Number of protein chains: 2
Amino acid sequence: MPSGHHHGDDCCGGGQDRAERALARARAAGLRVTEARRSLVRILAQSKLPLAVEEIHRKVGRQRADRVTLYRSLDAFERAGIVQRHTLEKGRSLYALTSGAHHHHHVVCRRCGAIERLAECDTAAVEAAARARGFADLSHVLEIQGVCPRCAHG
Amino acid sequence: MPSGHHHGDDCCGGGQDRAERALARARAAGLRVTEARRSLVRILAQSKLPLAVEEIHRKVGRQRADRVTLYRSLDAFERAGIVQRHTLEKGRSLYALTSGAHHHHHVVCRRCGAIERLAECDTAAVEAAARARGFADLSHVLEIQGVCPRCAHG
DNA sequence: GTCCGTGCAAATCATTTGCACTTCT
DNA sequence: AGAAGTGCAAATGATTTGCACGGAC
């Protein structure tokens with residue numbers, strides 16, 4: 001259930017801005033800005049890697065926001081395009097701020113769950129094929145799985 | 001929860017062979033061949049598209065195999081490389097025989113759940129990037145989402 | 001003042017597990 | 001015989017929903 005410990009997970013200062021921008025976008029989308037949502041966005045802004053709701057809940061502090069509230073807010077943010085959701089196996093998903101971040105994917109270690117970010121993306125051909133079939137408004141989810149260096153030599 | 005009605009779902013005769021080959025592979029992998037598994041493989045062999053366990057259960061006939069048995073067999077087959085599993089949102093997954101089928105992906109309609117198969121696959125660059133990061137034994141899941149022609153103009 | 005957002009408890013859903021029993025090989 | 005497979009019931013785990021209350025605008 002972890003998703004990216006043991007690799008830099010927190011941030012470098014830019015978090016402040018990213019958070020503000022995200023909240024502004026939320027406001028612009030007609031969503032209300034509450035303390036719970038501020039905390040949620042702050043945590044997401046501080047993390048370079050996508051986080052699971054469970055992790056967000058822990059980092060936010062269970063008393064600052066209920067898990068359910070996080071789910072509902074993340075859902076609202078996703079609809080507003082403020083948050084991007086990554087679907088992984090076993091019904092788990094990770095969330096990250098859409099803002100600023102360039103389009104990218106991740107590698108997930110099958111054994112320890114470590115996640116790394118990849119800038120590369122060449123799914124164009126596949127999307128083109130889908131478009132040729134008449135599908136519109138396309139998007140995709142690309143998940144690379146493997147065994148990370150640490151786990152590999154162990 | 002549907003996964004590919006309204007498009008050809010059953011097959012063309014080759015199913016017999018595909019099923020036999022799959023069972024042979026299972027046997028070779030040290031797995032036992034039972035009635036439940038024969039039914040399971042027959043259903044998978046007859047379908048060109050990946051199926052959800054629920055659908056398989058229905059097609060097999062609830063009395064011929066318990067849902068749990070299907071899950072366990074599919075798991076065993078997956079480990080043996082006889083079945084390929086596709087992970088989708090909301091914790092659902094679809095299964096299909098690996099045999100014969102060339103590597104490919106699918107487009108899923110966001111609205112009606114219709115699925116179409118795509119031969120194209122150009123995730124090479126992304127896998128290469130992952131490999132460069134030290135990850136080994138790579139595999140990937142690529143899911144294209146969009147709105148199918150039928151839903152689009154409606 | 002109105003809605004939207006929130007917490008808590010309870011409900012879902014797909015999948016997994018425990019256990020005693022059956023059946024391949 | 002003995003391990004592997006099976007069914008049924010019950011457990012999981014992530015996510016969702018119902019409902020009354022509270023706060024943002």
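These figures come from a predicted structure and were not determined experimentally. Residue numbering restarts at 1 for every chain, and letters A, B, ... go by the order of the sequence lines. Values below: every heavy atom of this structure, side chains too, minus hydrogens, waters and symmetry copies.
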Quiz item: Stepwise, does the side chain to side chain contact (heavy atoms under 4.5 Å, CB included) test hold for Thr98(A) with Arg25(A)?
Solution: CA-CA 11 Å; Thr98(A) 301; Arg25(A) 294 221 276 158; 3.9 Å; yes
Quiz item: Between Arg18(A) and Gln46(A), is a side chain to side chain contact (heavy atoms under 4.5 Å, CB included) present by the stated rule, with each step listed?
Solution: CA-CA 9 Å; Arg18(A) 291 185 68 200; Gln46(A) 288 175 346; over 6 Å; no
Quiz prompt | Derivation of the side chain to side chain contact (heavy atoms under 4.5 Å, CB included) call for Leu44(A) and Phe77(A) | solution = CA-CA 12 Å; Leu44(A) 290 179; Phe77(A) 287 166; 5.5 Å; no
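Shown here for Ala36(B) and Thr69(B), the closest heavy-atom pair between the two residues is CB-CG2, 4.2 Å.
Between the NE2 atom of His57(A) and the P atom of dC8(C) there is a distance of 9 Å, rounded to whole Å. Atom P of nucleotide dA14(C) and atom CG of Leu74(B) are separated by 15 Å, given to the nearest angstrom. Whole-Å rounding puts the Gln63(B) CD to dG7(D) P distance at 11 Å. In this structure, the CZ atom of Arg37(B) is 13 Å from the C1' atom of dT25(C), given to the nearest Å. Distance Arg64(A) CZ to dG5(C) P: 19 Å, rounded to the nearest Å. Regarding Asp66(B), its CG atom lies at a distance of 16 Å from the P atom of dT22(C), rounded to whole Å.
Between dG5(D) and Thr69(B), no contact under 4.0 Å exists linking OP1 or OP2 to a side-chain N or O. Neither OP1 nor OP2 of dT15(D) sits under 4.0 Å from any side-chain N or O of Arg92(A). Residue Ser73(B) has no polar side-chain atom (N or O) positioned under 4.0 Å from OP1 or OP2 of dA4(D). Taking only side-chain nitrogens and oxygens, Ser93(B) comes nearer than 4.0 Å to OP1 or OP2 of dT15(C).
Using a 4.5 Å heavy-atom threshold, the side chains of Arg85(B) and Leu74(B) count as separate.
A salt bridge links Arg38(A) with Glu35(A); the closest basic N to acidic carboxylate O contact falls under 4.0 Å.
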Exercise. List the protein contact pattern of nucleotides 16-25 of chain D with one symbol per nucleotide (5' to 3'): B for base contact, S for sugar-phosphate-only contact, - for none; contact means a heavy-atom distance under 4.0 Å.
Key: BBB----BBS
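If you check every strand for non-hydrogen atoms under 4.0 Å, Ala76(B) touches nothing.
If Val53(B) and Gly30(A) are placed on DNA chain C by their nearest nucleotide, the residue sitting closer to the 5' end is Gly30(A).
A donor-acceptor contact shorter than 3.5 Å links the side chain of Arg37(B) to the backbone of Arg32(B). Distance alone, capped at 3.5 Å, places no donor-acceptor pair between the His57(A) side chain and the Ala52(A) backbone.
Axis orientation changes by 30° from one end of the helix from dT12(C)-dA14(D) to dT25(C)-dA1(D) to the other, with each end axis drawn from 5 pairs and the value rounded to 10°.
Of the listed residues (Ile43(B), Leu51(B), Val53(B)), just one forms a side chain to side chain contact (heavy atoms under 4.5 Å, CB included) with Tyr95(B), and that residue is Val53(B).
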